[in-house]
Amino acid sequence: MIRIYVPRDTTACSLGADQVAGRFATAIADAGLNMEVLRNGSRGLYWLEPMVEVDTDRGRIAFGPVGEADVRQLMADRFWEGATEHRLALGLTEEIPFLKNQQRVTFSRVGIIDPLSLKDYCARQGFEGLNAALSMSAQDIVSCITQSGLRGRGGAAFPTGVKWQTVLDTPSDMKYIVCNADEGDSGCYADRMLMESDPFSLIEGMVIAGLAVGAEQGYLYLREEYPLAHTVLRDAIELARHGGYLGNNIAGSDKKFEIEVRLGAGAYICGEETSMLESLEGKRGQVRPKPPLPAIEGLFGKPSVINNVVSLASVPTILAGGAASYEGYGVGKSRGTLPFQLAGNIKQAGLVELAFGATLRALLEEFGGGTRTGRAMRAVQVGGPLGAYLPESQWDTTLDYEAFLAIDAMLGHGGVVVFNESVNMREQARFAMEFCRIESCGKCTPCRIGSVRGVEVIDSIQGEAENEPAREQAVALLEELCDTMVAGSLCAMGGMTPFPVRSALQHFADDFKIS
Amino acid sequence: MSEASSQADHADLVSDIIAAHQDQPGALLPILHALQDAIGYVPGDTLPIIASGLNLSRAEVHGVVTFYHYFRSSPPGRHTIQICRAEACQAMGSRALEEHARRSLNVDFHQTTGDGEITLLPVYCLGNCACSPSVRVADRVFSHVDAERFDEIVKQLGNTAVEVK
């Protein structure tokens, strides 16, 4: 039986993957061929989606981007026999430089397996981490994560092992594992990809976290904007339960763990961990002051591990391969790998998992290949809407948490949004304030009022373009407002909105001089 | 349907939904989702029922419904179109797309066209940032949407009788 792989992933489907899969199925049936169409996840080479693969003796070969209209010719050319001359032929998938030059660790199965096949998952080291964890003490599991150097991949980069240790050390009749799948940062889609393409790795990570801290209930807080991820996760949880990997007797161990998916409702702030807890409790998603830390008083007042999707999905690999193996990747205090996501105006947009330590420029040029529209790159926003805009002079910065902090920027969740020279950076700064105004939870004044004033002041900078003293006064006011927001906000929303604003002011000052 | 009978329908529906979620800790969001999935919005007359079912004040339920952008207090048009306004989409021209959408549909964000067909909504990221600008209609996401493609999407909606939640 020859197998054809057509991705089922939000972006691939947005480019017509479902229709392409349908065409192949019809063509195969019409020709009476012994072939089947499998729906894998995406490899993350999005400019080539829908990217169709087929098994050969040499490995999988790829064709893309395949439109509905290409299916007939591909079948006529018997593309499964190689068809290296076909205009859409990409050769061996694993040899495509964009993929070959990555270090796929957490994303090792993504795009390769059928996301809803336990058999596929197990054939590629699935549940090896869980089996290892089941033979370890809770403390040994936590120590393994601590030694791996894993830090929160959601953006804050807090050491995961320290968080787990606190929950383990806090006695309680009830503890929770909460997965933060409210990936609201623009330019970020790693969580979505992982949930759609390898959901069992996340489930396995949550179960291991439960074993590590003594929790038997997990909540997965997923954003409403990800309907396909929701469907895949629900199906995967059901399959895992049937397979004995969730429920009352996990892998025959007498240990219990359950996961419930909860949907958000279009509030960016619910990606902030305390606001997410409020939302899970059925309340307005307003930020809680810390302390108490959620690790001590979290969901429903109980000790809770709160981790991002990629953090939790990295756990099985760490347990299976050992802390030292994961810790071997990276530089300085940034250990392991980070899935970077190339987005916006970039030619080869997609997911690039790399060990920490490469440069931003390598990501933009070697992987990204320049802008999509052809004009020169001008600004790059790294780390989502609260991340700084970086001018070319900063693109040689090393991709590690500390190097980015040193230039008043952040790696965050690894999103990289590219703008070409047509961008107006005053408009981008204004949008940062506007977004904060729309999404502020309203709990603290610097964020709630500061963002409103921020939009007004940026408008007045524009309005005073012909009156330099008045314009300079408005710029000084904006700087002062940013100080207040950084120093006085309760969480990162108000506290970091000034990052994109200030970086725009600092590096693209001319854009603030035109009306 | 008269207003009185519509209210009675809501009461039955809401009671069933509350009963189905009663044992869930923090059940308010799941209940609101179930209600909006069923009828497209969260009618004001359901708030007292939900409040008493969960032992909350009516103000608390109102506070939650109005906090979240996704929950609606009035019925949407037959279709909803969400346009992503976030940075990755801006980098590929979503500001112009927003402008085009408002002008061609003759509505602002959060408004419904005069014929009740289309409600236009902003959204802040669909996770489709590699192929921006992005638009969502029901559970379907569209990539690389420019003015021309937007018009096609709208036209196709006009030709289908698909129920959009």
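Chain naming here is simple, since letters A, B, ... match the order of the sequence lines and numbering starts at 1 in each. Here the structure is a predicted model, which is why all the values come from computation and not from measurement.
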Open item on the list: Heavy-atom pairs under 4.5 Å with chain A: which of B/Gln82, B/Glu60, B/Arg85 has the most?
Closed with: B/Arg85
Open item on the list: Taking side chain as everything from C-beta outward and backbone as N, CA, C, O, which of these in B/Ser143 sits under 4.5 Å from a heavy atom of chain A? Side chain, backbone, both or neither.
Closed with: both
Open item on the list: If I measure from the heavy atoms of chain B, does A/Glu281 come under 4.5 Å with its side chain, its backbone, both, or neither?
Closed with: backbone
Task: Portion of A/Leu263 that has a non-hydrogen atom of chain B nearer than 4.5 angstrom - done: both
TODO: Answer yes if the side chains of B/Gln24 and A/Glu260 hold a donor-acceptor pair under 3.5 Å, and no otherwise.
DONE: yes
Task: Toward chain B, the part of A/Val416 with a non-hydrogen atom under 4.5 Å - done: neither
Task: Which atoms of A/Thr373 approach chain B - backbone, side chain, both or neither, heavy atom under 4.5 Å - done: side chain
TODO: Kindly indicate whether the side chain of A/Arg262, heavy atoms from C-beta on, has any atom under 4.5 Å from the side chain of B/Leu29.
DONE: no
Task: Closest heavy-atom pair and its distance - A/Pro227, B/Arg136 - done: CG-NH2, 3.8 Å
Open item on the list: With a sphere of 6.0 Å drawn around CG of B/Asp115, does it hold more than 12 non-hydrogen atoms of other residues, nucleotides or ligands?
Closed with: yes
Open item on the list: For A/Ser14, run the side-chain contact (heavy atoms from CB on, under 4.5 Å) check against B/Asn128, B/Val135, B/Val145 and tell me which one passes.
Closed with: B/Asn128
TODO: Compare all side-chain heavy atoms of B/Gln90 with those of A/Gln381 and state whether any distance is below 4.5 angstrom.
DONE: no
Open item on the list: Restricting to non-hydrogen atoms, name the atom on B/Cys129 and the atom on A/Cys188 that form the minimum distance, rounded to 0.1 Å.
Closed with: SG-N, 3.9 Å
Task: Contacting moiety of A/Thr231, where chain B heavy atoms sit under 4.5 Å - done: neither
Open item on the list: With a 4.5 angstrom heavy-atom cut-off, is it the side chain or the backbone of B/Pro30 that approaches chain A, or both, or neither?
Closed with: side chain
Open item on the list: Show the nearest heavy-atom pair for residues B/Ser132 and A/Gly344, with the distance to one decimal.
Closed with: OG-CA, 4.1 Å
- [ ] Could you tell me which of A/Cys13, A/Gly350, A/Ala343 has the largest number of non-hydrogen atom pairs under 4.5 Å with chain B?
- [x] A/Ala343
TODO: May I ask you to list the residues in residues 43-51 of chain A that approach chain B closer than 4.5 angstrom, counting heavy atoms only, ordered by number?
DONE: A/Tyr46
Open item on the list: Just so I know, are the side chains of A/Glu224 and B/His33 near enough to count as touching, which here means a heavy-atom distance under 4.5 Å?
Closed with: yes
- [ ] Could you check which of A/Arg372, A/His230, A/Gln286, A/Met193 has the highest count of heavy-atom pairs closer than 4.5 Å to chain B?
- [x] A/Arg372
- [ ] Kindly indicate whether the side chain of B/Glu87, heavy atoms from C-beta on, has any atom under 4.5 Å from the side chain of A/Phe419.
- [x] yes
Open item on the list: So which atom in A/Gly187 and which in B/Cys125 form the shortest heavy-atom distance, rounded to 0.1 Å?
Closed with: N-SG, 4.4 Å
- [ ] Return the minimal non-hydrogen interatomic distance between B/His144 and A/Leu15, and the atom names on each side.
- [x] CD2-CD2, 3.8 Å
Task: Side-chain heavy-atom pair A/Glu439, B/His69 within 4.5 angstrom cut-off - done: yes
Task: Most chain A-contacting option - heavy-atom pairs closer than 4.5 Å, from B/Val64, B/Ile31, B/Val61 - done: B/Val64
Open item on the list: Taking side chain as everything from C-beta outward and backbone as N, CA, C, O, which of these in B/Arg95 sits under 4.5 Å from a heavy atom of chain A? Side chain, backbone, both or neither.
Closed with: side chain
Open item on the list: Nearest 0.5 angstrom please: B/Met92 CE to A/Ile346 CD1, how far?
Closed with: 11.0 Å
Open item on the list: Need one label for B/Val123: side chain, backbone, both or neither, based on atoms under 4.5 Å from any heavy atom in chain A.
Closed with: side chain
TODO: First locate atom CD of A/Glu225, then atom OG of B/Ser134, and finally report the distance between them rounded to the nearest 0.5 Å.
DONE: 12.5 Å
- [ ] Pick whichever of A/Gln428, A/Gln341, A/Glu183 has the most heavy-atom pairs under 4.5 Å with chain B.
- [x] A/Gln428
Open item on the list: Is the shortest side-chain heavy-atom distance between B/Tyr124 and A/Ile438 below 4.5 Å?
Closed with: yes
Donor-acceptor list for residues 264-271 of chain A side chains, cut-off 3.5 Å, not counting sequence neighbours:
from, atom 1, to, atom 2, distance (Å)
A/Tyr268, OH, A/Asp185, OD1, 2.6

Task: Minimum heavy-atom distance between B/Phe67 and A/Cys441, given as atom pair plus value - done: CE1-O, 3.8 Å
Task: Residue A/Glu196 versus chain B: region with a heavy atom under 4.5 Å - done: neither
Task: Side-chain heavy-atom pair A/Ser279, B/Tyr68 within 4.5 angstrom cut-off - done: yes
TODO: Determine the option with the most heavy-atom pairs under 4.5 angstrom with chain B, choosing from A/Ala229, A/Ala379, A/Gly285.
DONE: A/Gly285
Open item on the list: How long is the straight-line distance from OG1 of B/Thr66 back to CZ of A/Arg284, given to the nearest 0.5 Å?
Closed with: 5.5 Å
